[in-house]
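Here's a structure for you.
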Amino acid sequence: MTDTLLEIRGLEVAFGGFRALDGVDLTVGRGELRFLIGPNGAGKTTLIDVITGLTRPTGGSVRFEGHDLVGRREHEIVRLGVGRTFQTSVVFEELTVLENLDLAASFRRPLWSLLRRRRGVSEEVTAALETTGLTALAGSRAGVLSHGQRQWLEIGMLIVQRPRLLLLDEPVAGMSSGERERTGELLTEVARDHTVIVVEHDMDFLRRYASQVTVLHEGKVLTEGSVEQVRADPRVQEIYLGRAREGAEDAVR
Ligand SMILES: Nc1ncnc2c1ncn2[C@@H]1O[C@H](COP(=O)(O)OP(=O)(O)OP(=O)(O)O)[C@@H](O)[C@H]1O
């Protein structure tokens with residue numbers, strides 16, 4: 001790969017005696033839209049937590065644009081250009097869509113500029129409203145947004161912080177099919193000028209929008225490749241279909 005943005009080697013996370021990550025190697029190139037899949041408990045969220053500084057690994061390295069991220073604090077990693085969404089919402093319900101975006105954008109402005117009264121809406125906030133399709137709702141309180149619109153706002157709140165790497169944890173969970181489609185289009189658009197890693201279970205969604213997929217299983221990378229390659233892998237079928245036989249809902253179909 002010519003331009004590597006994120007390079008993870010031998011990553012290990014132990015919770016007590018349990019290894020949530022057990023020697024993960026992952027390389028993501030600049031400009032990729034990478035999907036990360038795996039059954040419940042595979043270690044997907046733990047991996048994102050380590051990249052973003054929320055969980056400290058017990059071994060291995062995480063390099064982002066040449067910086068070693070292990071041991072850095074969360075806000076430092078944000079400043080280096082890594083943004084994430086959480087499974088739980090972080091929007092301020094009492095503030096408008098515009099105010100939420102403006103506040104998020106302010107995190108990367110120098111302090112003096114916050115003290116100066118600014119007029120109008122900044123270019124980056126206007127662009128984020130357009131990208132997320134929320135322009136018409138700019139003046140609405142975030143508390144009245146639908147589940148999908150709230151997720152798009154969160155993605156907008158990341159974009160205005162100008163990260164080079166975005167980590168999205170199950171962005172379409174709980175969405176209607178129309179909202180999923182809109183989210184797929186949004187991710188494709190965001191991935192034009194960002195590197196994006198998406199944790200996602202939904203196979204229909206993957207089939208439509210994923211190019212490169214990494215499969216995690218029991219804290220290890222099981223396989224990587226295109227959606228077709230990954231789906232055709234008997235080991236992937238076994239971990240999903242084996243679970244399907246036990247009644248899991250997130251099976252590869
Ligand atoms: N703080 C913690 N303490 C102890 N065990 C943990 C902790 N965080 C995660 N684990 C365990 O580590 C394993 C990996 O969890 P993780 O949340 O990363 O999986 P996941 O692939 O994101 O699963 P899901 O799809 O259910 O979100 C699970 O068995 C989980 O119970």
Side-chain angles (χ1 to χ4, degrees), residues 6 8-26 28 33-62 64 69-74 77 82-90 147 150-151 154-155 158 165-175 180 183-184 187 196-207 209-210 212-225 227 230-231 233 235-253:
L6 181 73
I8 293 174
R9 290 290 171 265
L11 203 61
E12 290 176 11
V13 172
F15 295 114
F18 174 74
R19 282 176 182 262
L21 295 181
D22 192 8
V24 169
D25 293 336
L26 179 72
V28 179
L33 172 55
R34 175 74 63 97
F35 279 72
L36 194 59
I37 68 167
N40 293 332
K44 306 177 298 293
T45 301
T46 305
L47 181 57
I48 290 192
D49 286 348
V50 172
I51 298 169
T52 54
L54 203 65
T55 296
R56 205 180 170 124
T58 36
S61 63
V62 179
F64 170 75
L69 299 189
V70 173
R72 288 184 195 259
R73 288 192 279 182
E74 283 171 76
I77 294 174
V82 180
R84 77 175 288 181
T85 57
F86 289 87
Q87 283 177 346
T88 49
S89 179
V90 295
H147 174 66
R150 186 185 281 249
Q151 296 292 314
E154 287 195 31
I155 292 172
L158 280 185
L165 175 64
L166 274 96
L167 303 160
L168 308 178
D169 203 351
E170 301 196 27
V172 299
M175 283 190 180
R180 280 165 194 253
T183 305
L187 293 188
V196 185
I197 300 179
V198 186
V199 170
E200 194 45 72
H201 280 293
D202 187 287
M203 269 295 152
D204 285 330
F205 188 79
L206 248 87
R207 255 182 247 139
Y209 300 104
Q212 285 302 107
V213 181
T214 298
V215 185
L216 269 190
H217 180 47
E218 294 179 345
K220 294 187 170 75
V221 173
L222 183 73
T223 185
E224 278 181 334
V227 183
V230 159
R231 283 185 65 224
D233 189 320
R235 295 168 304 167
V236 176
Q237 292 179 2
E238 181 51 35
I239 61 168
Y240 277 96
L241 296 176
R243 283 169 178 247
R245 283 195 288 272
E246 291 158 23
E249 288 171 5
D250 55 358
V252 177
R253 286 184 292 266

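Nothing here was measured: the structure is a model prediction, and the numbers come from that model. Whatever order the structure lists ligands and atoms in, that order sets their numbers, starting from 1. FYI, the numbering just counts along the sequence from 1.
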N or O pair under 3.5 Å between Gly41 and ligand 1: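 There is such a contact, yes.
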
So Leu187 and Phe205, side-chain contact (heavy atoms from CB on, under 4.5 Å) or not? Walk me through it. CA-CA 11 Å; Leu187 293 188; Phe205 188 79; 4.1 Å; yes

Atoms in ligand 1 flagged as close to Phe18, the criterion being non-hydrogen separation under 4.0 Å: 11 (C), 12 (O), 13 (C), 29 (O)

Short side-chain to backbone donor-acceptor contact, Thr58 and Glu12, under 3.5 Å: yes

Using the rule side-chain contact (heavy atoms from CB on, under 4.5 Å), only one of Leu47, Ile8, Thr55 pairs with Leu21; which is it? Leu47

Side-chain H-bond candidate by donor/acceptor type, Arg9 with Ser61, under 3.5 Å: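 The answer is no; no qualifying pair exists.
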
So, 4.0 Å and heavy atoms of Gly38: is ligand 1 close enough to count as a contact?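 Not so, Gly38 does not reach ligand 1.
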
Looking only at atom types and distance, does a side-chain atom of Thr183 sit under 3.5 Å from a main-chain N or O of Val172, one as donor and one as acceptor?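 Checking the backbone N and O of Val172 against the side chain of Thr183, no donor-acceptor pair under 3.5 Å is found.
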
List for me each residue that meets side-chain contact (heavy atoms from CB on, under 4.5 Å) alongside Glu224, sequence neighbours excluded, and say none if there are none.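 Listed in chain order: Leu26, Arg34, Thr214, Val221.
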
I'd like to check whether Ala20 has a polar contact with ligand 1, where a contact means an N/O of the residue lying under 3.5 Å from an N/O of the ligand.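 Not met; the criterion fails.
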
Thr45 heavy atoms, cut-off 4.0 Å: which ligand 1 atoms fall inside? 17 (O), 18 (O), 20 (P), 22 (O), 27 (O)

Give the atoms of ligand 1, by number and element, whose distance to some non-hydrogen atom of Thr46 is under 4.0 Å.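 Checking each atom against Thr46, I get 14 (C), 15 (O), 16 (P), 18 (O).
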
Counting both backbone and side chain atoms, is some N or O of Leu47 under 3.5 Å from an N or O of ligand 1? no

